[in-house]
Q: 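Would you mind keeping the following structure in view while I ask a few things?
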Amino acid sequence: MSSPVQVTGLAESKTLLSLPYAGEDYGLADCPVILVELTAADLSQWPSPETTDLMKSTPAVMVASVPDDRDPADFPRLAEICASFDIVLASGDLPIALAVPAEEIDQIAEAATESPAAAVALVQLLRLSQDRSTADGLVAESLAYSTLQSGPQFQGWLASQPTRQVPDNPEPAVLAERDGSTLRLTLNRPERHNAFSTVMRDGLVEQLRAAWADLSLDGIVLDGAGPTFCSGGDLAEFGTTPDPGTAHRVRSVRSAAFWIDRLAAKTRVMVHGSCVGAGVELPAYAHDVAAHPDTTFRLPEVAMGLVPGAGGTVSIARRIGRQRLGYFALTNTEIDATTALNWGLIDRIEG
């Protein structure tokens with residue numbers, strides 16, 4: 001391993017994390033990643049409430065490396081240990097839920113080094129939002145997202161972007177068609193690969209609010225026009241809000257995630273092509289998500305100095321787990337439909 005990662009054992013980690021300056025030393029490090037290499041002997045020493053609290057309070061990406069010399073009888077105990085970490089690494093065919101390949105540590109370290117503030121904010125947010133309500137999770141996510149908008153990583157990314165011209169499209173950004181008791185909503189900016197603009201967000205929220213009030217509706221189908229379901233937030237609008245505080249206020253009252261969650265039981269989402277950012281986060285709230293075989297999924301926000309901001313730290317975590325989402329969002333990894341199905345991000349592949 002060539003990455004500048006702090007490596008320790010389980011017993012040593014308790015001592016290191018207990019030091020009075022541990023939070024500052026690790027949270028402000030160039031590479032805020034701590035790799036704890038578990039051993040077979042650790043199975044009898046964990047979890048202790050004190051060590052668990054230290055893991056959850058340390059402002060760093062806490063990664064567990066599962067040993068190769070494991071006994072199948074130890075798997076439940078290993079899973080219990082790994083639940084306290086932000087990311088779990090394992091080699092071979094270890095049936096530990098939410099684990100990712102051990103060789104991904106270099107990619108994790110590289111991503112955390114490129115955007116250290118966003119990496120730490122991501123894992124802190126995922127810890128905080130676990131087991132909380134959707135409303136609480138969305139508020140926490142928006143606050144973190146808004147704070148990072150003023151950070152140097154995002155500002156540097158924003159300054160590097162070219163000026164984008166937005167083609168004029170006189171049609172509604174969201175099409176609505178009623179067929180009996182079913183409402184079909186279609187994201188309709190195909191010339192922008194259905195980039196999730198403020199106009200699209202507001203149009204979707206208005207339709208969903210109306211659907212919530214319409215007791216005669218039995219089902220809602222959400223899909224996208226053109227070759228892409230949704231390419232994420234419209235980059236032409238990034239950095240155009242007056243200030244992060246105003247952006248948070250607007251995001252709090254015009255949240256498509258909130259309304260899809262409220263209507264989840266009757267909502268089916270059909271995705272295809274590229275699903276990026278909001279194109280992954282919003283569908284994950286629905287109880288039924290079908291993907292075309294060509295579909296790919298990616299969360300690029302941390303690479304931009306941000307965290308997912310369309311509700312994904314709540315919705316995706318519920319579907320694939322906090323540890324796997326930490327890896328997925330931190331590393332900007334693109335996954336295909338088969339992987340998404342295996343992870344539980346979607347419910348089936350159709351088409």
Side-chain angles (χ1 to χ4, degrees), residues 1-10 12-19 21-38 46-47 51-66 81-91 96-130 140-141 144-145 147-148 151-154 298-309 312-313 316-317 320-333:
M1 183 186 65
S2 59
S3 302
V5 174
Q6 171 71 49
V7 182
T8 182
L10 183 58
E12 295 84 354
S13 68
K14 180 178 177 181
T15 301
L16 288 173
L17 300 181
S18 297
L19 295 174
Y21 289 99
E24 184 172 329
D25 290 343
Y26 298 130
L28 298 180
D30 292 337
C31 180
V33 177
I34 301 176
L35 175 63
V36 178
E37 296 182 327
L38 303 175
W46 183 280
T51 310
T52 300
D53 289 343
L54 284 170
M55 293 284 182
K56 292 181 178 179
S57 63
T58 299
V61 182
M62 301 298 304
V63 181
S65 176
V66 176
I81 293 174
C82 292
S84 297
F85 289 85
D86 299 311
I87 299 175
V88 180
L89 304 176
S91 59
I96 293 295
L98 314 184
V100 297
E103 59 268 21
E104 294 298 322
I105 184 60
D106 286 329
Q107 188 180 4
I108 291 166
E110 181 180 356
T113 302
E114 289 293 323
S115 298
V120 172
L122 172 70
V123 296
Q124 289 177 318
L125 178 60
L126 293 177
R127 297 170 193 168
L128 177 66
S129 299
Q130 189 171 26
E141 179 187 277
Y145 187 92
T147 299
L148 290 168
Q153 280 82 31
F154 177 67
R298 186 167 60 88
L299 296 174
E301 293 91 345
V302 173
M304 299 156 58
L306 301 171
V307 293
T313 58
I316 301 175
I320 71 175
R322 174 173 67 87
Q323 287 81 8
R324 190 165 278 160
L325 173 55
Y327 160 77
F328 184 34
L330 179 63
T331 60
N332 194 17
T333 296

Q: E104 vs T333, test: side-chain hydrogen bond (donor to acceptor under 3.5 Å, both in side chains). Steps then yes/no.
A: CA-CA 11 Å; E104 294 298 322; T333 296; 5.1 Å; no
Q: Apply side-chain contact (heavy atoms from CB on, under 4.5 Å) to residues F154 and L148 and explain how you reach the verdict.
A: CA-CA 7 Å; F154 177 67; L148 290 168; 5.8 Å; no
Q: With rounding to the nearest 0.5 Å, note down the distance linking CG in L10 to OG in S65.
A: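 Here the interatomic distance stands at 12.0 Å.
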Q: Given V63 and D86, is the side-chain contact (heavy atoms from CB on, under 4.5 Å) satisfied, shown in steps?
A: CA-CA 6 Å; V63 181; D86 299 311; over 6 Å; no
Q: Rounded to the nearest 0.5 Å, what separation is found between the CG atom of L125 and the CZ atom of R322?
A: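 L125 CG to R322 CZ: 11.0 Å, rounded to 0.5 Å.
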Q: May I ask you to test the L17-M62 pair for a side-chain heavy-atom distance under 4.5 Å?
A: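 A side-chain contact under 4.5 Å exists here.
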Q: Among K14, M55, Q6, which residue satisfies the side-chain contact (heavy atoms from CB on, under 4.5 Å) criterion with V36?
A: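 Answer to the side-chain contact (heavy atoms from CB on, under 4.5 Å) test with V36 among K14, M55, Q6: M55.
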Q: Show the nearest heavy-atom pair for residues G27 and P32, with the distance to one decimal.
A: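 For G27 and P32, the tightest heavy-atom pair comes out as O-CB, 4.4 Å.
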Q: Between S115 (side chain) and V302 (backbone), is there a donor-acceptor pair under 3.5 Å?
A: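 Indeed, once roles are kept as given, a pair shorter than 3.5 Å links the two residues.
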Q: At their closest point, which heavy atom of N332 faces which heavy atom of L299, and how far apart are they?
A: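 Smallest heavy-atom distance, with atoms named: OD1-O, 3.5 Å.
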Q: Just how far is it from atom OG1 of T113 to atom CD1 of I108, taken to the nearest 0.5 Å?
A: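 Rounded to the nearest 0.5 Å, the OG1-CD1 separation comes out at 11.5 Å.
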Q: Check the pair L35 / L89 against side-chain contact (heavy atoms from CB on, under 4.5 Å), numbers first and verdict last.
A: CA-CA 9 Å; L35 175 63; L89 304 176; 4.1 Å; yes
Q: Kindly compute the distance separating CG (L54) from CG (L19), expressed to the nearest 0.5 Å.
A: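 Spacing of CG (L54) from CG (L19) equals 10.0 Å.
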Q: State, to 0.1 Å, how close L38 and C82 come at their nearest heavy-atom pair, and which atoms those are.
A: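 Nearest pair, atom of L38 first, then C82: CD1-SG, 4.4 Å.
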Q: On a heavy-atom basis, which atom in G23 and which in P59 lie closest, and how many Å separate them?
A: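 G23 and P59 have their closest heavy atoms at O-CG, 3.3 Å.
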Q: To check you understand the geometry: which heavy-atom pair defines the closest contact between T331 and A111, and what is its length?
A: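 For T331 versus A111, the nearest heavy atoms are CA-CB, 4.2 Å.
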Q: For K56 and Q130: C-alpha separation, side-chain torsions, deciding distance, then whether side-chain contact (heavy atoms from CB on, under 4.5 Å) applies.
A: CA-CA 12 Å; K56 292 181 178 179; Q130 189 171 26; 5.5 Å; no
Q: Please round to the nearest 0.5 Å and tell me the distance separating atom CG of L122 and atom CG of L306.
A: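 Reported to 0.5 Å precision, the distance equals 11.5 Å.
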Q: Kindly indicate whether the side chain of V5, heavy atoms from C-beta on, has any atom under 4.5 Å from the side chain of C31.
A: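 A side-chain contact under 4.5 Å exists here.
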Q: I need the minimum non-hydrogen distance between P116 and D30, along with the two atoms involved.
A: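 Answer, listing the atom of P116 first, then D30: CB-O, 4.4 Å.
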Q: Under a 3.5 Å distance rule, please check whether Q323 uses its side chain to pair with a backbone N or O of A99 as donor and acceptor.
A: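 Pair absent, no side-chain N/O of Q323 close to backbone of A99.
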Q: Which value, rounded to the nearest 0.5 Å, describes the distance between D25 atom CG and L16 atom CG?
A: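 If we round to the nearest 0.5 Å, D25:CG and L16:CG are 10.0 Å apart.
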Q: Sort out for me which residue in V120, V61, I34, V33 forms a side-chain contact (heavy atoms from CB on, under 4.5 Å) with Y26.
A: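 Among V120, V61, I34, V33, the one meeting side-chain contact (heavy atoms from CB on, under 4.5 Å) with Y26 is I34.
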